[in-house]
Amino acid sequence: MSQISIKNTGPLRGEIIPPPDKSISHRSIILSSLAEGKSIIRNFLYAEDPLSTIGAFRQMGVEIEVEGSGARDEGQAIVIIVHGKGLSGLSAPREALDCGNSGTTIRLLCGVLAGQPFSATLKGDASLTRRPMKRVMDPLSQMGAVFKSQNGYLPLTVTGGKLKPINFKSPVASAQIKSAILLAGLYCDGITAVTEPERSRDHTERMLKAAGVNITVDRLTVSVKGKAAIRPFDFTIPNDFSSAAFFMVAGVLVPGSEILIKNVGVNPTRTGLLEILQAMGANIKPENEREISGEPVADLYVKHSGLSGMEIGGDIVPRTIDEFPILCVAAAMAHGPTKITGAKELRVKESDRIATMADALRKMQVTVEELEDGMIIEGGKKLKAASIHSHGDHRIAMSMAIAGLMADGETTILDTDCIATSFPGFTGLLERLQKDHLS
Ligand code: S3P
C-alpha cells in the first residue's frame, strides 16, 4: 500500500501554483463535447477524476486530444482540444462507462444520458459504489429518464428519451444534483428550474452562459431554456481553491511560514474556507484579483498566524463543503473549541468525512465529539505523530499530511494513491516549500 511520511522541518516558504480546478475541468469536457465544433480548454487538470470524464465522452464517440508535455504528473499546463458533436451527436457506448472515484463524473453524466436516445451503464470504484445516486435518479426520472440500479447505488443503467421540463426543489444544496438537472434541461422544450436550500457552486451556470445558453439565476433558483445550441469555446481554467486550501492552512499553522499561492479560483460559491479562516484570525490576503474566462481569480498571500475556534454552520457550509477535512486540522490547532453543524453531506463524500476526520484527529490526541451533522473539535493541544489511514479519500490523506507538519515526530499516511484523483503533485509541492527556506 502506498504511503507518505511527514515531519515538521520548519517554515514553509515560497510561491506555488496549485493544480487546475477539478469541478471546472469536468464541466469543460462535458459542455465542449455537447457543443457544435472545436473547443480549446487551457490549464486542464490532468488527474484521475477529470480523466474519467474524458474517458466517458470518448466512449460516446467524442474526439478529445490532449496537448502539452512535461508536468503532467503535476496536473498542470495541459491543453485539451475537444471536437464537440452537438447536443444530439453522442453515440451509445459499447461498454460500461467507468467513473472511477468521481461523483461529479457520474452525477453530471446521468443528466446528459437522460437526454440520449440510448442506454448506458455506469460503474465506479468501491468508494463511488457506496455513494447515493437516488438524489439524481429521482428528479431525472421525473423528467422522463429510466434508471435501473442496485437500490439507488452502482452499477446503474440509464435509458434516456424524450424529456419534459421540471421545477425541482432540491432537499440538499448540491452542485452535482443541480448540474445534472440543468444538463438534462438542455434536452427539454421549455424551461427547467432547480431551487436549492442554500447556494452551491455555480460553475455550470457560468459556463453554460458563456457558451450562449439562456440561463437565469434568481436567488436560489436557476432556470435553463432547453434545445439551444451550445457554442464551442476557448476557456482557461483557474487553479483549484480546494487544492490551494491545504497550503492556505499549512501556511497559517506552521510558524514562520509565508506562501504565495498563484492564480487561484475565488468564485464566492467556493471560498467559505477563506472567510472562516479570516474570521478565526488567519493572515490570508487575496491579491491581484481579476477574472479569467468568467471566473474570479486571485493570488493568495498566506502568513503564519494564531487562530481562535468558532461556530460554523448555515449557508457557508455548501461554500466550504470540500474543505471541511482541512478546516478540521485548522480547528485542532486553534485556541478553544470549534463547532461545525449543518454539514450532514460530509457523511456521503468519498468517505464519511465526519467519522474519518474524527477518528484521524483522535489518533493524534485531539478531543473530538462527533455530531450527526458535524463535530466539535477542542483545539490547542500539541498533536502527536501517528499512523493514519486515508480510507481511500484524497482530501483526508492530504489534510492529515498537513496535520503531520504540526506533530512531534514522524506521521505516516497510509493508502495515498487516492491523492492522484485531484492533486497528483501534492507531495512534490509540499517538499519544495519545505526545502525553499533551507536554500
Ligand atoms: C462538486 C460538487 C460537490 C463537491 C464535489 C464537486 C461539483 O458535491 O463536494 O467535490 O463539481 O459539482 P455535491 O454536489 O454532492 O455537494
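Every number for a ligand or one of its atoms is a count from 1 in the order of the listing.
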Is ligand 1 under 4.0 Å from a heavy atom in the side chain of [X], in the backbone, in both, or in neither?
X	result
R201	side chain
H203	neither
R27	side chain

task: Ignoring hydrogens and angles, tell me if any N or O in the side chain of E295 forms a donor-acceptor pair with the backbone of E291 under 3.5 Å.
output: no

task: Check whether any side-chain N or O of R362 sits under 3.5 Å from a backbone N or O of V368 as a donor-acceptor pair, and report yes or no.
output: yes

- prompt: Which ligand 1 atoms does I321 reach within 4.0 Å, using its non-hydrogen atoms?
  reply: 9 (O)

- line: In ligand 1, the atoms that come under 4.0 Å of a heavy atom of A175 are 12 (O), 14 (O)

query: Is any side-chain N of the basic residue among K178 and E205 closer than 4.0 Å to the acidic one's carboxylate O?
result: yes

Among all protein heavy atoms in this structure, tell me which lies nearest to [atom], with the distance rounded to 0.1 Å.
atom	answer
atom 14 (O) of ligand 1	S174 OG, 2.6 Å
atom 11 (O) of ligand 1	S23 OG, 2.6 Å
atom 15 (O) of ligand 1	K349 NZ, 3.2 Å
atom 10 (O) of ligand 1	D322 OD2, 2.8 Å

task: Go through M310 and I276 one step at a time and tell me if the side chain to side chain contact (heavy atoms under 4.5 Å, CB included) criterion holds.
output: CA-CA 9 Å; M310 65 180 275; I276 292 168; 4.1 Å; yes

task: Indicate the ring-plane relationship of F247 and F423, choosing parallel, tilted or perpendicular according to the 30° and 60° boundaries.
output: perpendicular

N or O pair under 3.5 Å between [X] and ligand 1:
X	answer
T104	yes
R395	no
L108	no

- prompt: With respect to D322, which candidate in H394, K22, R270, R201 satisfies the side chain to side chain donor-acceptor pair (under 3.5 Å) definition?
  reply: R201

- prompt: Above 12 or not: heavy atoms from other molecules or residues under 6.0 Å from CD of E95?
  reply: no

- request: Given side chain to side chain contact (heavy atoms under 4.5 Å, CB included), test F57 with I30 step by step and report yes or no.
  value: CA-CA 8 Å; F57 281 91; I30 297 170; 3.6 Å; yes

